[in-house]
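Structure record follows, encoded as structure tokens.
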Amino acid sequence: MTREAFGAEFLGADGFLNSPTYGLPPQFLVDALLECIGKWQNGTMDVPSFDENVAAGRAGYAALTGVSVDSVAMSSTVSAALGLVASAIPDGSRVVTVGGEFTSTTFPFAAQAGRGITVTELTADELVTAAADFDVVAVSLVQSANGAVLDTDTLRAHVAGTETLTVIDITQALGWKRIELDWVDVTVAAVYKWLLSPRGTAWISLSDRMSHAMTPHAANWYAGAAPWQTIYGLPLRLADDARRFDLSPAWFSALGAGLAMPWLASLDGDAVQAHCLGLANRLRTELDLPQQDSAIVSLPIEGAAPALQRAGLRASVRAGAIRVGFHLYNNENDLDRLLDALRA
């Protein structure tokens, strides 16, 4: 059953509450992907044409995040992107994160222990007030397990004027939440969840001080100042801006991101956020759960997983609870079916 939402069509949205795991592609993306696969199959695919998709995805990420386009680099996964960041912080740096943080955000820093780097886990409230006592803050804007939202206003106030580096994973926020993070040293997001694109691409934004500190360990032809002229031979000639950290594109993922992200950026961000939060907060109210403005809701209800499965609802289990997410293609029918299944 096809469902229309915000001017696009989505085939599998009915009963789909699993966007924190992977998002559903709009039909226009699927059509373009199938056309491209057909060209691949017939040997008529034009590889340089993916450059347009990369540029569009990069611009879409900048627009959705509130950063400049020339600060955005393309990677493959969040952990791959953050590996470059973690390897650039000085020996002995003290990193702070939230307890239970998604490991793609923390493992790249924890893996630097041989250089004397330590990673301390605090509660979210402790982190935002103690951030200036650490060299690096590495944390998600929205927690994967339970949807908890970081208090970025308090964090910004405490790190302002300090040397503390801020690294924020926005994977579970970008696409449904209005974001303005141009003050952050590093933002990073994978595209296959709320950004509705095929897995294989992640975007990272870098402040000037972070970019200057980093080494492009994965330097490659696509990170060149003119990629199609940097395929062969030395000397090293990388782009001057954040593109020098680019990986070469995963073609179909880049195609999807280059279509979905500009479309998402073109929507009324306030309307998208209000729609997603409206459904999530009504669920919290109906179930007497603590209120928080997050599109992700954790349901610590025993026996909920088989009840949802019987009702044809798709969700995930994370940290011992059912995790549901409400995106722009969800509606009141999905919420009512969920409530009926839980109450049954």
Side-chain angles (χ1 to χ4, degrees), residues 6-11 19 22-78 80-81 170-171 174-175 179 187-206 216 218-231 238-267 269 327-329:
F6 289 85
E9 293 182 339
F10 296 88
L11 181 60
S19 294
Y22 66 91
L24 299 180
Q27 188 60 47
F28 66 78
L29 189 159
V30 175
D31 292 341
L33 189 59
L34 290 174
E35 180 182 1
C36 188
I37 290 174
K39 292 178 179 178
W40 173 35
Q41 186 177 33
N42 287 287
T44 58
M45 189 170 67
D46 177 31
V47 172
S49 68
F50 290 107
D51 292 352
E52 296 179 9
N53 304 122
V54 171
R58 193 188 314 271
Y61 183 83
L64 287 167
T65 311
V67 301
S68 64
V69 173
D70 59 6
S71 74
V72 178
M74 177 178 58
S75 190
S76 56
T77 63
V78 165
I170 57 176
T171 299
L174 197 63
I179 292 174
T187 71
V188 63
V191 302
Y192 67 97
K193 298 179 185 288
W194 302 90
L195 296 174
L196 314 180
S197 302
R199 182 180 172 94
T201 300
W203 296 103
I204 182 169
S205 70
L206 303 166
N220 65 94
W221 71 276
Y222 205 79
W228 293 98
Q229 279 73 54
T230 51
I231 299 176
L238 299 180
D240 293 331
D241 60 11
R243 289 196 306 106
R244 68 183 180 277
F245 301 107
D246 275 6
L247 297 183
S248 59
W251 292 333
F252 302 131
S253 179
L255 169 63
L259 294 173
M261 294 180 66
W263 175 71
L264 287 166
S266 76
L267 301 179
H327 207 350
L328 47 75
Y329 40 65

> Just wondering, do Leu11 and Val30 contact through their side chains at under 4.5 Å, heavy atoms?
Replying inline: no
Answer yes or no: is there a side-chain heavy-atom contact under 4.5 Å between Pro26 and Glu9? no
- prompt: Just by distance, do the side chain of Thr230 and the backbone of Pro227 share a donor-acceptor pair under 3.5 Å?
  reply: yes
What do the steps show when you test Leu64 against Leu195 for side-chain contact (heavy atoms from CB on, under 4.5 Å), and what is the final call? CA-CA 10 Å; Leu64 287 167; Leu195 296 174; 4.0 Å; yes
To the nearest 0.5 Å, atom CG of Leu255 lies from atom CD1 of Ile37 at 9.0 Å
**Item:** Exceeds 12 heavy-atom contacts within 6.0 angstrom, atom CG of Asp240
**Value:** no
Tightest non-hydrogen contact, residues Gly23 and Tyr329, listed as CA-OH, 3.6 Å
Walk me through it: do Ser253 and Arg199 pass the test side-chain contact (heavy atoms from CB on, under 4.5 Å)? CA-CA 6 Å; Ser253 179; Arg199 182 180 172 94; 6.0 Å; no
Interatomic distance, CH2@Trp221 vs CG@Leu238, rounded to 0.5 Å, equals 13.5 Å
Next item on the list: Might you confirm whether atom CD of Glu52 has over 12 heavy atoms from other residues, nucleotides or ligands at distances under 6.0 Å?
Entry: no
Note: Ala257 and Pro262 closest approach over all heavy atoms is O-CD, 3.5 Å
Interatomic distance, CG@Asp246 vs CG@Asp241, rounded to 0.5 Å, equals 8.0 Å
Minimal heavy-atom distance between Pro198 and Leu29, with the atoms involved, is CD-CD2, 4.4 Å
Correct closest heavy-atom pair for Phe245 and Leu206 would be CD1-CD1, 3.6 Å
Taking the basic N atoms (NZ, or NE/NH1/NH2) and the acidic carboxylate oxygens, is any pair closer than 4.0 Å for Arg243 and Asp70? no
| Can you check whether Leu196 reaches His327 side chain to side chain, under 4.5 Å on heavy atoms? | yes
Test item: Ile170 and Val188 side chains (from C-beta on) under 4.5 Å apart, heavy atoms:
no
Could you tell me how the ring of Phe10 sits relative to the ring of Trp263: parallel (under 30°), tilted (30 to 60°) or perpendicular (over 60°)?
-> tilted
Does the pair Phe28 and Leu259 meet the rule for a side-chain contact (heavy atoms from CB on, under 4.5 Å), with working shown?
CA-CA 8 Å; Phe28 66 78; Leu259 294 173; 4.1 Å; yes
Taking C-beta and beyond as the side chain, do Leu174 and Tyr61 meet within less than 4.5 Å on heavy atoms?
yes
Any donor-acceptor pair under 3.5 Å from Thr201 side chain to Ser76 backbone: no
- Side-chain H-bond candidate by donor/acceptor type, Ser205 with Thr187, under 3.5 Å: yes
Query - Verdict with supporting geometry, Phe50 and Asn53, side-chain contact (heavy atoms from CB on, under 4.5 Å) - result: CA-CA 5 Å; Phe50 290 107; Asn53 304 122; 3.7 Å; yes
Donor-acceptor contact present, side-chain Ser75 to main-chain Ala202, <3.5 Å: no
CH2/Trp40: more than 12 non-hydrogen atoms of other groups inside 6.0 Å = no
Nearest heavy-atom approach of Val54 to Trp203 is O-CH2, 3.5 Å
Distance col, row Lys193:NZ vs Ser19:OG, nearest 0.5 angstrom, shows 10.0 Å
| Hey, does the side chain of Ser266 reach the backbone of Leu264 with a donor-acceptor pair shorter than 3.5 angstrom? | no
Looking only at heavy atoms, the pair that brings Tyr222 and Leu247 closest together is CD2-O, 3.8 Å
When you measure from the side chain of Arg58 to the backbone N and O of Val72, does any donor-acceptor pair fall under 3.5 Å?
yes
